[in-house]
There are 2 protein chains.
Amino acid sequence: MSSQSSSEKPAIKAPRLERGRARVAALMAAGAGIFAEKGYDAATMTEVAARAGASIGSLYQFFPTKPLLAQALHEEMLEKMASVLETVLAEGRGKPAAAAVQGLFDRFGEFLEAHPAFATLAERRDIDKEKKKQTRARLRGLIAGLLTSAEPPLPAARAEAAAVIVLHLIRASVMLKESDEGPVREAALAEMRRMLAAYFA
Amino acid sequence: MSSQSSSEKPAIKAPRLERGRARVAALMAAGAGIFAEKGYDAATMTEVAARAGASIGSLYQFFPTKPLLAQALHEEMLEKMASVLETVLAEGRGKPAAAAVQGLFDRFGEFLEAHPAFATLAERRDIDKEKKKQTRARLRGLIAGLLTSAEPPLPAARAEAAAVIVLHLIRASVMLKESDEGPVREAALAEMRRMLAAYFA
DNA sequence: GAACTTTGTGAGGACATCCTCATATTCTCG
DNA sequence: CGAGAATATGAGGATGTCCTCACAAAGTTC
């Protein structure tokens, strides 16, 4: 009843040998680097393979398609992000809201610095729109949870909305760091803390 | 003394006849639409020409290059943005800070809704980095001016930093509107107003 | 060590897009 | 009107990128 006559959908293939795992790791690292530097479209599979010290055929052995490479990287980063969030949530429970949110900013900032391709990969236009919405919603929910379990707790009705804003502010703070205008950056980050303090009081 | 022997840099050519002006207008409208819908890379010159009801050769007659088409659109939008800003600054002088900023949000929001390609064109990776920084700096300066001339005036030292944040919040509010998650959107916008009110008090 | 599986290689096919160019049409102006 | 300028056209050249494929090498298992 299910023998798709000829058109198997291409999917990434997990390596089975040690050598293969090393290759895949190198390929993903190279991909992350090049996507971050040039953006999705300008990145070429040839360059990814070259940076990984592999041949183009070897790259396609494990990632049969450019979108699939991007997807694999994106999913890997989403997992790491989830684990970062778990940590923050655990740390923040019961602390004052401003401190909890500051923790969010710090950890999230570290994460995005360690994964400079994340923004590029998350904004790709060919991602399933529904999945994107779900991811955003889950993130929102987790942060809302942090805000309602802080001290003093935010009313549940406002928590989700506040979470949305916190997320955007995190994004803003990362963009600030990337825009390397030193003096402005520091002042703006300080002002942002001031704003959050005023808001949570 | 200045007869660059053969390599004239390609530049956009202004139309001289009425027919030409109409063409250019149609081409730019089509370009803006397609860039907005598909992003810079996925947009094709052929499709732009088709949507404008022109031949591909006609498009290249006025815009000898894809980057030049994007640049022309970007500059046109920057000018409109500048004029919008002038209006807001004039209106806001002397008003309470929160109201002035709300005006900024509204007008800017309208502008970005009317020019959905703006974000795409402004984020292009091949834009002169220095020019980008200058544009941002001028924008910051203008908004800082609005904040220091409001009532009560923000101290000049904080105004620039606050302007940076206001800009990011505007960006956030536009992204919210685009993400069409109705209920969340309204709540988040309300929460954002609350945050601004707290901040400016 | 023989059969089999996994991994490696790089030339080149298929295709899409940017842009050119020779030529035709429309418009301006004396 | 007639000469010259401005605009219009679309086939196709040049280029670059994704991906395939036939075959070779390394590793595993019995």
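Chain letters run A, B, ... following the sequence lines, proteins first, then strands; residues in each count from 1.
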Show each protein N/O and nucleotides 7-9 of chain C N/O combination with a separation under 3.5 Å, one pair to a line.
unit_1 : atom_1 : unit_2   : atom_2 : d
dT7(C) : OP1    : Arg16(A) : N      : 2.6
dT7(C) : OP1    : Leu17(A) : N      : 2.9
dG8(C) : OP1    : Arg23(A) : NH1    : 3.2
dG8(C) : OP2    : Ser58(A) : OG     : 2.9
dT9(C) : OP2    : Arg23(A) : NH1    : 3.1
dT9(C) : OP2    : Ser55(A) : N      : 3.2
dT9(C) : OP2    : Ser55(A) : OG     : 3.4

All N/O donor-acceptor pairs, side-chain side in residues 161-176 of chain A, below 3.5 Å, sequence neighbours left out:
unit_1    : atom_1 : unit_2    : atom_2 : d
Arg171(A) : NH2    : Glu123(A) : OE2    : 2.6
Ser173(A) : OG     : Ile170(A) : O      : 2.9

At the 4.0 Å heavy-atom cut-off to chain A, mark where contacts on DNA chain D begin and end, going 5' to 3'. dT17(D) to dG27(D)
Table please: side-chain donor-acceptor pairs of residues 74-90 of chain A below 3.5 Å, with sequence neighbours left out.
unit_1   : atom_1 : unit_2   : atom_2 : d
Glu75(A) : OE2    : Gln71(A) : NE2    : 3.2
Ser83(A) : OG     : Lys80(A) : O      : 3.1
Thr87(A) : OG1    : Ser83(A) : O      : 3.0

Side chain to side chain contact (heavy atoms under 4.5 Å, CB included) partners for Ala36(A), two or more places apart: Pro116(A), Ala117(A)
List the atom pairs, donor and acceptor, that lie under 3.5 Å between side-chain atoms in residues 187-201 of chain A and the rest of the protein, sequence neighbours left out.
unit_1    : atom_1 : unit_2    : atom_2 : d
Glu191(A) : OE2    : Arg158(B) : NE     : 2.8
Glu191(A) : OE2    : Arg158(B) : NH2    : 3.0
Glu191(A) : OE2    : Tyr199(B) : OH     : 2.4
Tyr199(A) : OH     : Glu191(B) : OE2    : 2.3

For Glu186(A), all residues meeting salt bridge (charged side-chain N to carboxylate O under 4.0 Å, His left out), sequence neighbours excluded: none
Expected output is a numbered-order residue list: members of residues 33-48 of chain A with a heavy atom under 4.0 Å from any atom of DNA chain D. What is it? Ala43(A), Thr44(A), Met45(A)
Taken to the nearest 0.5 Å, the spacing of Lys132(B) NZ from Ile127(B) CD1 works out to 5.5 Å
Mind checking side chain to side chain donor-acceptor pair (under 3.5 Å) for Arg16(A) and listing every partner two or more places apart, or none if nothing turns up? none
Could you give the side-chain donor-acceptor pairs of residues 93-104 of chain A under 3.5 Å, partners two or more places apart or in another chain?
unit_1    : atom_1 : unit_2    : atom_2 : d
Gln102(A) : NE2    : Asp106(A) : OD1    : 3.2

Counterpart residues, side chain to side chain donor-acceptor pair (under 3.5 Å), relative to Arg19(B) (two or more places apart): none
Under the ring pair (Phe, Tyr, Trp, His ring centres under 6.0 Å) definition, can you give me all pairs with a residue in residues 44-65 of chain B, not counting sequence neighbours? none
